[in-house]
Undergrad: 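Take a look at this one; I'll ask things after.
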Amino acid sequence: RLCKVCKAKAVIELPQHNTAFCREHFLAYFENQVRRAIQDFRMFTTEDRILVAVSGGKDSLVLWEVLLRLGYRADGLYIDLGIGDYSAASREKAEAFAAARGATLRIVSLKEQYDVTVPELARSLRRPACSGCGLAKRYLFNLEAEKGEYDVLATGHNLDDEAATLFGNVLHWNLEALRRQSPVLEAENGFRRKVKPLIRLTERETAAYAILTGIDYIVEECPHAVGARSHLYKELLNQLELHSPGAKRQFLLGFYERGRAAIEGATERPEVRPCKVCGQPTVAEVCSFCRMMQRVGVDEVRLMTAAGVE
Amino acid sequence: RLCKVCKAKAVIELPQHNTAFCREHFLAYFENQVRRAIQDFRMFTTEDRILVAVSGGKDSLVLWEVLLRLGYRADGLYIDLGIGDYSAASREKAEAFAAARGATLRIVSLKEQYDVTVPELARSLRRPACSGCGLAKRYLFNLEAEKGEYDVLATGHNLDDEAATLFGNVLHWNLEALRRQSPVLEAENGFRRKVKPLIRLTERETAAYAILTGIDYIVEECPHAVGARSHLYKELLNQLELHSPGAKRQFLLGFYERGRAAIEGATERPEVRPCKVCGQPTVAEVCSFCRMMQRVGVDEVRLMTAAGVE
Amino acid sequence: MRVIMRIPEKKEFTFSGPKKVREILRELKMNPEATLVIKGNTLLTLDDVVEDGEEIEVRSAISGG
Ligand SMILES: [Zn+2]
Ligand SMILES: [Zn+2]
Ligand SMILES: [Zn+2]
Ligand SMILES: [Zn+2]
């Protein structure tokens, strides 16, 4: 199979576009798709200071790489969740990536700031580790962006991630989650602006970009993610994709173009106010991060100090 | 495995309800689910005259059977589409069913009324047979109901049919189709009230009901339906169901409870008026049935006569 | 040829070549939509042929999150 642009030997086929590319033209295609998402959804400009949530996995490192290549002002944030070897290895990947590019990587450690790790959280709360983990990441990401005065938070969610989430939300007709699912969440009530520049690209495409540009990412999965529901949804969507190439993309982009607007008007927005402990935005008196931490014995003063509240 | 109710040997397991039933209690469960759909969605009462679209397949015959058992005034309508052996065999099943029960079966033949068959339609129009077929069935069903002055039209769409349609509509974010997808479509603008009393029951359950009550239905599929997109959707949903029993049901019923209302407000209803040829309701000048028939050479007088228009 | 897989767990397979990538994925029951085939620092397409004595990695692109 030959590259559609230059007729050199192709290194990747893209059935959803009925095309194939050589290395050079695949990278150009990929960067163009990111550029297009940024423009179509007016995510940010070259003036904005961007904080990229970096996990050490392919998606976040690829996102960071592309933003730097496209000339954006992007720093990274690595959140060390204390998940044994997995955290150690992924942190190393993130640090090596930043060092090789002279890029700024901020690091927050759950253990250092709150003296607790995600596995400990899961054990004390008797909840699946992923729920506490997601909550902690969202909270610390927003908090760090505030401390560093970033204009925008960017995450590496790709087309498959978003389509799987959408599939789950639709299967349960979770209207509130559907309303919130968007490539851009505007800043409001203490939440920073949040964007997902990789939504036009599949998981396979981001992995290919990482391999072809020599980005060294952590291939292993978080040990807690194994058997996650989102895997099943991704698998089903990939089977669908095999039979009708482009179906995944149409499903997700069609939602952004038509579905979301239809649903938006029908749901109510809850009122948001500052958490009484840490000052971060919440719909309750005390935010769910502070409540979780208090349940495992972290005291109020520590929560306030970590949040920079007097 | 034993029957949940009487502890006799079970003949069927229902993982979505985490239960199993003997023959007697399965039939009772099944009829109850139909009763519940009729009541929850206020489909009709014992006063109403109901016309059941009968294809000779399991779903429509089971629906007719249950409606008769529950004491409703239900006649059948068989539409002979002229699809060779398939039509001949399915018509026989429908006639035998009606004769054995002393029930009224109306028969309309496309060939007799318009001197054309579905395969001929497909050939002249160079379109997939299923599109012309669906159009003809919908049209003749409504027309016959009007002639016979029925209050309600009932079709045998089951949970899998509706969930697959919903999945397709959601994948394409076809808002107009989503708005129209409902267990009850109220009568309006010349369309009769339309209902789907089997939506709480899976395809497997309706097949089981037919087998356990000795209903002789046509097992073969319409030769044109093979490889249809809806088969793929059903397969994917069944894989999902295997991993989380009840997911299909939750998807469909959740849409009826929450999703549909959210979307309804966001779409516009097209204006409906009588077809200039046949008088049946349409959003165009001439309805799509009449346009299709004219394209294959059926003349206006014949269309008017068949529709009972002077 | 040696075929290496790293996730979800480390595995290794041996096939006799020459063999098309498409065939290898079919035998491993991997969906091409979710899989990359890596040789050195580049990627192979479905019609590429792998010879005896060569080594490739078949990597699932699906991850959690
Ligand atoms: Zn090229
Ligand atoms: Zn708080
Ligand atoms: Zn029983
Ligand atoms: Zn007409």
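Chain identifiers are assigned alphabetically (A, B, ...) following the order of the sequence lines, protein sequences preceding nucleic acid strands; residue numbering begins at 1 within each chain. It should be emphasised that the depicted structure is a prediction, and the values quoted were computed from it without experimental measurement.
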Undergrad: Non-hydrogen atoms of chain A under 4.5 Å away: do they reach the side chain of B/Leu232, the backbone, both or neither?
TA: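 The side chain, not the backbone.
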Undergrad: Is any NZ, NE, NH1 or NH2 atom of the basic residue among A/Asp161 and A/Lys234 found under 4.0 Å from an Asp or Glu carboxylate oxygen of the other?
TA: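 A salt bridge links A/Asp161 with A/Lys234.
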Undergrad: Knowing that exactly one of B/Arg260, B/Glu162, B/Gln250 qualifies, which makes a side-chain contact (heavy atoms from CB on, under 4.5 Å) with B/Phe255?
TA: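 Exactly one option meets the side-chain contact (heavy atoms from CB on, under 4.5 Å) with B/Phe255, and it is B/Arg260.
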Undergrad: Which residue, A/Phe30, A/Tyr29, A/Phe26, forms the ring-ring contact (aromatic ring centres under 6.0 Å, His included) with A/His17?
TA: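 So, applying the ring-ring contact (aromatic ring centres under 6.0 Å, His included) to A/His17 and each of A/Phe30, A/Tyr29, A/Phe26, only A/Tyr29 qualifies.
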Undergrad: Among the options A/Leu236, A/Leu166, A/Asn174, pick out the one with the most heavy-atom pairs lying under 4.5 Å from chain B.
TA: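 Option with the greatest count: A/Leu236.
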Undergrad: Does any heavy atom of chain A fall under 4.5 Å from the side chain of B/Leu253, the backbone, both, or neither of them?
TA: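 Interface part for B/Leu253: neither.
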Undergrad: Salt bridge between A/Glu31 and A/Arg35, side-chain N to carboxylate O under 4.0 Å?
TA: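 Answer for the salt bridge query: no.
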